[in-house]
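The sequence lines fix the lettering, A, B, ..., with proteins before strands; numbering per chain opens at 1. Excluded from the calculations below are hydrogen atoms, water molecules and symmetry mates; all remaining heavy atoms, backbone and side chain alike, are included.
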Protein chains: 2
Amino acid sequence: MPQNESRLAHMLDKLKAQHFRITPQRIEVLRILAGSDGHPSVETIYEEVRRDFPTTSLATVYKTVTLLKELNEVLELGFPEGGNRYDGARPYPHPHLICTTCHRIIDPDLESLEGVTRELASETGFQIISHRLDFFGICPECQEKKN
Amino acid sequence: MPQNESRLAHMLDKLKAQHFRITPQRIEVLRILAGSDGHPSVETIYEEVRRDFPTTSLATVYKTVTLLKELNEVLELGFPEGGNRYDGARPYPHPHLICTTCHRIIDPDLESLEGVTRELASETGFQIISHRLDFFGICPECQEKKN
DNA sequence: TTGTTAAACGAAAATGATTATCATTTTAAA
DNA sequence: TTTAAAATGATAATCATTTTCGTTTAACAA
């Protein structure tokens, strides 16, 4: 996975540039966030880190994720039911497509989104900084299984 | 506010139809949800209800809001920072425009949203059920104040 | 109108995700 | 290697929300 390598390198560079320390636990959290396209939860990251570093604390995972969030190197997806999910591969706002049956989260391409943002800005006078866009539905595989 | 009256009546009818009891506390919560376009929090609703019924419990507000949510008579807006907000005037999914400075939440009209949903469905094969769409930015008033 | 009963209420405890605290360990730089 | 500041790990605290449970009340029938 060459793209993940570069994301990981970019994250490490950013930490070094701002004089944050590079610890084994941090590297592991970064690696998981950069390399996974499954939008993992903190709990998932925690379990994965502990496979290699069994003494790692949950607090450490939270602290690292929070740090990356502040550096804009991870995108946080909050849900009302609790249990945020994180995207370290694409840390900028982008739409998500969530299967309500199997809970998979997919990143679709959406050409037409730019037009929506433009319409909104010109209609309301808002200066649009960011967005959060989730679509909920049933993925093709789960539609199959239902029948 | 004639529109709010009818929303309130609709909510009450729905409760009656399903044999839920009409209590003074419930009526008050419904009234606030139906009549406010400010997307109030549970805490806000609680304080407002207590002006008329000072013994009301916070749990009662939560229970009523949860009930309305299950009946699809209120839309819940969750945020990662915590503190959900509720829309009882328009309980169906619709875009929101949130000012990151004054925390106001506005309901914009967005003609172009339908096209986005269509594009998404045809591109991914998902059956789209619902969505959550938030734009974050700075409202015209707060832009003024900055200068 | 009154009596009955299940539903709703109120107060407080429990929960669950996240954050803060602080003593101990470790990184990074001299 | 030494050292100082930062990070870690364990645990307590926090905060929104949910659950529990004894008491009250709405709804309906007699």
Side-chain angles (χ1 to χ4, degrees), chain A residues 11-33 39-71 74-86 103, chain B residues 11-33 39-71 74-86 103:
Chain A
M11 286 175 167
L12 286 170
D13 286 349
K14 197 149 183 180
L15 287 185
K16 279 177 200 155
Q18 310 211 18
H19 306 103
F20 293 105
R21 294 184 180 171
I22 309 301
T23 67
Q25 298 91 332
R26 274 193 177 161
I27 295 173
E28 201 51 30
V29 172
L30 299 207
R31 188 193 306 284
I32 291 160
L33 280 170
H39 306 80
S41 64
V42 166
E43 197 62 35
T44 303
I45 298 167
Y46 175 61
E47 285 162 16
E48 207 163 323
V49 172
R50 282 182 74 103
R51 288 215 286 266
D52 293 301
F53 299 93
T55 66
T56 305
S57 162
L58 187 55
T60 297
V61 179
Y62 270 106
K63 283 168 193 159
T64 302
V65 167
T66 301
L67 175 61
L68 290 173
K69 218 167 55 183
E70 281 161 6
L71 299 176
V74 72
L75 183 71
E76 181 180 54
L77 300 176
F79 296 97
E81 311 81 44
N84 295 346
R85 307 275 291 266
Y86 295 89
H103 301 103
Chain B
M11 286 174 167
L12 286 171
D13 286 349
K14 197 149 182 179
L15 287 185
K16 279 178 202 157
Q18 310 211 18
H19 304 104
F20 293 106
R21 295 187 178 168
I22 309 302
T23 68
Q25 297 92 331
R26 274 193 177 160
I27 295 173
E28 201 51 29
V29 173
L30 298 208
R31 188 194 308 282
I32 290 160
L33 280 170
H39 306 79
S41 65
V42 165
E43 198 61 37
T44 304
I45 298 168
Y46 174 61
E47 285 162 15
E48 208 163 324
V49 172
R50 281 183 75 103
R51 288 215 286 266
D52 294 301
F53 299 92
T55 66
T56 304
S57 162
L58 187 55
T60 297
V61 178
Y62 271 106
K63 285 167 192 160
T64 301
V65 167
T66 301
L67 176 61
L68 290 174
K69 219 167 53 184
E70 282 161 5
L71 299 176
V74 73
L75 183 72
E76 181 180 55
L77 300 177
F79 297 96
E81 311 82 44
N84 295 347
R85 306 274 292 265
Y86 296 89
H103 301 103

task: Return the value, rounded to whole Å, for the distance between atom CG of A:Asp52 and atom P of D:dT8.
output: 16 Å

- prompt: Please give, in whole Å, the distance from C:dC9 P to B:Phe53 CZ?
  reply: 11 Å

task: Write down the distance between CZ (A:Phe20) and P (D:dA7), rounded to a whole number of angstrom.
output: 7 Å

- request: Taking the side chain as every heavy atom from C-beta outward, state whether B:Val49 and B:Val29 have any pair of such atoms under 4.5 Å apart.
  value: yes

task: Please state how far atom OH in B:Tyr62 lies from atom P in C:dA11, giving the value in whole angstrom units.
output: 16 Å

query: How long is the line joining CG of B:Leu58 and P of C:dA11, in whole Å?
result: 11 Å

query: Can you tell me how far P of C:dG16 sits from CG of A:Asn84, to the nearest Å?
result: 17 Å

message: Please give me every residue in residues 21-31 of chain B whose heavy atoms get under 4.0 Å of an atom in DNA chain C, ordered by residue number.
response: B:Arg21, B:Thr23, B:Gln25, B:Arg26

task: Could you check if a side-chain atom of A:Phe20 sits within less than 4.5 angstrom of a side-chain atom of A:Lys14, using non-hydrogen atoms only?
output: no

message: Closest-nucleotide mapping onto DNA chain D: is A:Leu67 or A:Arg50 further toward the 5' terminus? I mean the 5' end.
response: A:Leu67

field: Nearest-Å distance for atom pair NZ/C1', residues A:Lys63 and D:dA6
entry: 11 Å

query: Of the non-hydrogen atoms in A:Pro40 and A:Leu33, which two are nearest, and what is the gap between them?
result: CG-CD2, 4.4 Å

Side-chain N or O of B:Thr55 closer than 4.0 Å to phosphate OP1/OP2 of C:dG10: yes

- line: Per atom distances to the A:Thr64 side chain, the nearest of D:dT8, D:dG9, C:dA8 is D:dT8

- prompt: With B:Val61, which of B:Thr44, B:Val42, B:Ile32 fulfils side chain to side chain contact (heavy atoms under 4.5 Å, CB included)?
  reply: B:Val42

query: Taking the side chain from B:Arg85 and the backbone from B:His39, do they hold a donor-acceptor pair closer than 3.5 Å?
result: yes

message: On DNA chain D, does the nearest nucleotide to B:Lys16 precede the nearest nucleotide to B:Ala59 from the 5' side, or the other way round? Give the residue.
response: B:Ala59

query: Looking at A:Ser57, does any N or O in its side chain come under 4.0 Å of the phosphate oxygens OP1/OP2 on D:dT8?
result: no

- prompt: Would you call B:Leu75 and B:Lys69 a side-chain contact if the rule is heavy atoms closer than 4.5 Å?
  reply: no

- request: Mind jotting down which residue pairs meet the side-chain hydrogen bond (donor to acceptor under 3.5 Å, both in side chains) criterion with at least one end in residues 55-67 of chain B? Sequence neighbours excluded, please.
  value: none

message: The side chain of A:Thr56 is closest to which nucleotide in this list: C:dT18, C:dA11, D:dG9?
response: D:dG9

- request: Kindly indicate whether the side chain of B:Ser41, heavy atoms from C-beta on, has any atom under 4.5 Å from the side chain of B:Tyr86.
  value: no

Polar atom pairs between nucleotides 23-25 of chain C and protein, under 3.5 Å, N or O only, would you list them?
none

Salt-bridge contact B:Glu28-B:Arg31 (side-chain N to carboxylate O under 4.0 Å): yes

Rounded interatomic separation in angstrom, taking NE2 from A:His19 and P from C:dA28: 11 Å

